[in-house]
Novice: 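Supplied in structure tokens, the structure appears directly below.
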Protein chains: 2
Amino acid sequence: MERKQEVSKAVIQRLPRYYRNICELKAEGVQRISSRALAERMGLTASQIRQDFNCFGGFGQQGYGYNIDKLMEELGAILGLRAGRTAILIGAGNLGRALLNNFDFSASGFKLLCAFDANPELKGKAFGGCSVRSSDDLPSFIAAHQPDVAVLTIPRKNAPDIARELVDQGIRGLWNFTGEDLHLGGLGVPVENVHLSDSLMTLCHLVSATEE
Amino acid sequence: MERKQEVSKAVIQRLPRYYRNICELKAEGVQRISSRALAERMGLTASQIRQDFNCFGGFGQQGYGYNIDKLMEELGAILGLRAGRTAILIGAGNLGRALLNNFDFSASGFKLLCAFDANPELKGKAFGGCSVRSSDDLPSFIAAHQPDVAVLTIPRKNAPDIARELVDQGIRGLWNFTGEDLHLGGLGVPVENVHLSDSLMTLCHLVSATEE
DNA sequence: ACTGAATTGATATTATTTTAACAAAAGTTC
DNA sequence: GAACTTTTGTTAAAATAATATCAATTCAGT
């Protein structure tokens, strides 16, 4: 997948939403769609959609539009959803278990191998079809299975140290729920820092703004 | 709080992160900070920070920097965290309960009044200090207490209808976890659509991108 | 009080992102 | 199969956002 110019971050962040909408359209039985129709559905401009898709080489057809199957295939490939990535989850507390029980990792391109927790009471239990192992086994597990990314649902104060260890052991990406902003881009390890509170604060602001 | 020009969405979305970092600095006992030091800490440019803050009228002091207490106060006010907003949660299934048990609503400016669920078995139970009521009581509760926002943790297929009802009854903002993208801006009701999967797909892409 | 260092707020510049415009290509209809 | 419509991919323009610059102001040290 060669690129003339580095694709901007803004475009990358729109890709999951495109993918989601295309999946929905497929589920609805739609076989093709024009940039205009998709724009209307998603609340964007047709221009933006065409330009976004063209960052990766045009996969539409003039006078016809975009074929849903092809679009889904291409977007999935760009997102790397077909790469068979694997993940482990570190910290099976409330938050970790909530993810295990509720979140469909496979829909985002990951197979969740197993979870780890320091609490011996959790050892051997399973949540959402994922079993919990002792943290002691973590290094050997990583060495043996080489998971791509780690989901961090540990207490915040441990985040920097654990993150560093994981990266040293070969983890190549972090989905970080600890509240601590981690930046390991310098090490070539992408991190997605999740802050639900940011979203709610934004909503708080927007609600206040509607009063003016 | 008057604004010469409408503040851009990009700035608004940075505010929660600023607020978070300022809170951390306060907790660390820091009393003042320069735009340069804050920029270094947050991985931004000093210019951007000064310009962002100046959208709301300068609250720094030349030659001194920004006073942490004042900054926290101002950012909190802009975000509306001091407005005493109230929230209700609709749908006390797995996801709803995970939020009730784990998420600190008050840190984002909301007092969570109670939760609602159609399942009679949940009626009267409490999670994270929040009790569950019957969905039948929802209209009268909203009329009586006039909560500002609703947290949607119901099944996706019900989202559009329920959202519409809530708005009709006076709800002024939605924190939407249903997976369905809701757009009620036309009705003057802001919505934050939360899609955890987007974040994980982005990570998947970034991990793939590091291989090239 | 005076000098020098530090820092903001404002303005100017640059870069990025979004939108618009349109020729070229494909589909559709008669 | 010819005329017309639709729609993309591409290029150009406009709008937006980020960065750099610098005068004005404040602080700190002497």
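So that the names make sense, note that chain A is the first sequence line, chain B the second, and so on, each numbered from 1. The figures here come from the full heavy-atom set of this structure, side chains too, leaving out hydrogens, waters and symmetry mates. What you see is a predicted model, and the numbers here were worked out from it, not measured in a lab.
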Novice: Base, sugar-phosphate, or nothing: which does B:F53 touch, judged by heavy atoms less than 4.0 Å apart?
Specialist: nothing
Novice: Choose from C:dT18, C:dC22, C:dA10 the nucleotide whose nearest atom is closest to any side-chain atom of B:N54.
Specialist: C:dA10
Novice: Look at the side chain of B:T45 against the base of D:dA18 and say whether a donor-acceptor pair falls under 3.5 Å; ignore hydrogens and angles.
Specialist: no
Novice: Going through the distances and angles, do B:N176 and B:N193 end up as a side-chain hydrogen bond (donor to acceptor under 3.5 Å, both in side chains)?
Specialist: CA-CA 5 Å; B:N176 173 30; B:N193 295 302; 2.7 Å; yes
Novice: Can you list the steps and then say if B:R85 with A:E211 is a salt bridge (charged side-chain N to carboxylate O under 4.0 Å, His left out)?
Specialist: CA-CA 13 Å; B:R85 303 268 169 220; A:E211 282 176 350; 3.2 Å; yes
Novice: Closer to the 5' end of DNA chain C via nearest nucleotide, is it B:Q51 or B:A46?
Specialist: B:A46
Novice: Check each residue of residues 32-39 of chain A for a non-hydrogen atom within less than 4.0 Å of any atom in DNA chain D, then write out the ones that pass by number, or none.
Specialist: A:S34, A:S35, A:R36
Novice: Whole-Å distance between C:dT17 P and A:I12 CD1?
Specialist: 11 Å
Novice: Taking side chain as C-beta onward, heavy atoms only, is B:P147 less than 4.5 Å from B:I142?
Specialist: yes
Novice: Can you find a donor-acceptor N/O pair under 3.5 angstrom joining the side chain of B:S8 to the base of D:dA17?
Specialist: no
Novice: Does any residue of residues 22-31 of chain B have a heavy atom under 4.0 Å from DNA chain D, and if so, which ones, in number order?
Specialist: none
Novice: Are any of A:Y64's side-chain N or O atoms less than 4.0 Å away from OP1 or OP2 of C:dA24?
Specialist: no
Novice: Specify the separation, in whole Å, of atom CG of A:D52 and atom P of C:dT19.
Specialist: 10 Å
Novice: Check whether any side-chain heavy atom of A:L99 sits under 4.5 Å from a side-chain heavy atom of A:F177, and report yes or no.
Specialist: yes
Novice: Whole angstrom is fine here: how far is it from CD in A:E40 over to P in D:dT7?
Specialist: 12 Å
Novice: Specify the separation, in whole Å, of atom CD1 of B:I49 and atom P of C:dG9.
Specialist: 12 Å
Novice: Any heavy-atom pair between the side chains of A:R20 and B:D198 that's under 4.5 Å?
Specialist: yes
Novice: Using side-chain heavy atoms (C-beta onward) and a distance below 4.5 Å, is A:C130 in contact with A:L89?
Specialist: no
Novice: Evaluate the ring planes of A:W175 and A:F103, with Trp represented by its six-membered ring, and classify them as parallel (under 30°), tilted (30 to 60°) or perpendicular (over 60°).
Specialist: tilted
Novice: Please determine, for the side chain of A:A10, which listed nucleotide (C:dT17, C:dA12, D:dT8) has the closest atom?
Specialist: C:dT17
Novice: Report the nucleotide, chosen from D:dT19, C:dA10, C:dA21, that has the shortest atom-to-atom distance to any side-chain atom of B:R50.
Specialist: C:dA10
Novice: Show me the pairs that pass ring-ring contact (aromatic ring centres under 6.0 Å, His included) and involve residues 17-51 of chain A, at least two apart or across chains.
Specialist: A:Y18-A:F53
Novice: Rounding to a whole Å, what distance do you find between B:Y66:OH and C:dT7:C1'?
Specialist: 9 Å
Novice: Tell me every residue that passes side chain to side chain donor-acceptor pair (under 3.5 Å) with A:T153, counting only those two or more places apart in sequence or in another chain.
Specialist: none
Novice: On DNA chain D, does the nearest nucleotide to A:G63 precede the nearest nucleotide to A:G57 from the 5' side, or the other way round? Give the residue.
Specialist: A:G63
Novice: With no angle test and no hydrogens, is the base of D:dT8 tied to the side chain of A:Q62 by a donor-acceptor pair under 3.5 Å?
Specialist: yes
Novice: Hey, could you give me each pair passing salt bridge (charged side-chain N to carboxylate O under 4.0 Å, His left out) that has a residue in residues 28-46 of chain B? Not counting sequence neighbours.
Specialist: B:E24-B:R41, B:E28-B:R41
Novice: Might you work through the salt bridge (charged side-chain N to carboxylate O under 4.0 Å, His left out) test for B:R133 and B:D117, ending with a clear yes or no?
Specialist: CA-CA 6 Å; B:R133 302 191 184 209; B:D117 200 288; over 6 Å; no
Novice: Starting from the C-alpha separation in whole Å, work towards a yes-or-no answer on side-chain hydrogen bond (donor to acceptor under 3.5 Å, both in side chains) for A:T178 and A:R156.
Specialist: CA-CA 5 Å; A:T178 64; A:R156 175 170 184 170; over 6 Å; no
Novice: Check whether the side chains of B:H195 and B:D181 place a donor and an acceptor atom closer than 3.5 Å, and report yes or no.
Specialist: yes
Novice: Can you check whether A:R14 has a side-chain N or O nearer than 4.0 Å to OP1 or OP2 of C:dT17?
Specialist: no
Novice: Where the side chain of A:Q48 is defined as all heavy atoms beyond and including C-beta, which of D:dT10, C:dT18, D:dC27 is the nearest nucleotide?
Specialist: C:dT18
Novice: Distance check: side-chain N/O of A:Q61 vs OP1/OP2 of C:dG27, anything under 4.0 Å?
Specialist: yes
Novice: Given axes from five pairs at either end, by how many degrees does the helix from C:dA1-D:dT30 to C:dC30-D:dG1 bend, rounded to 10°?
Specialist: 30°
Novice: Would you kindly give the CG-to-P distance between B:L44 and D:dA17, to the nearest whole Å?
Specialist: 16 Å
Novice: Rounded to whole Å, please give me the gap between CE in B:M42 and C1' in D:dA18.
Specialist: 15 Å
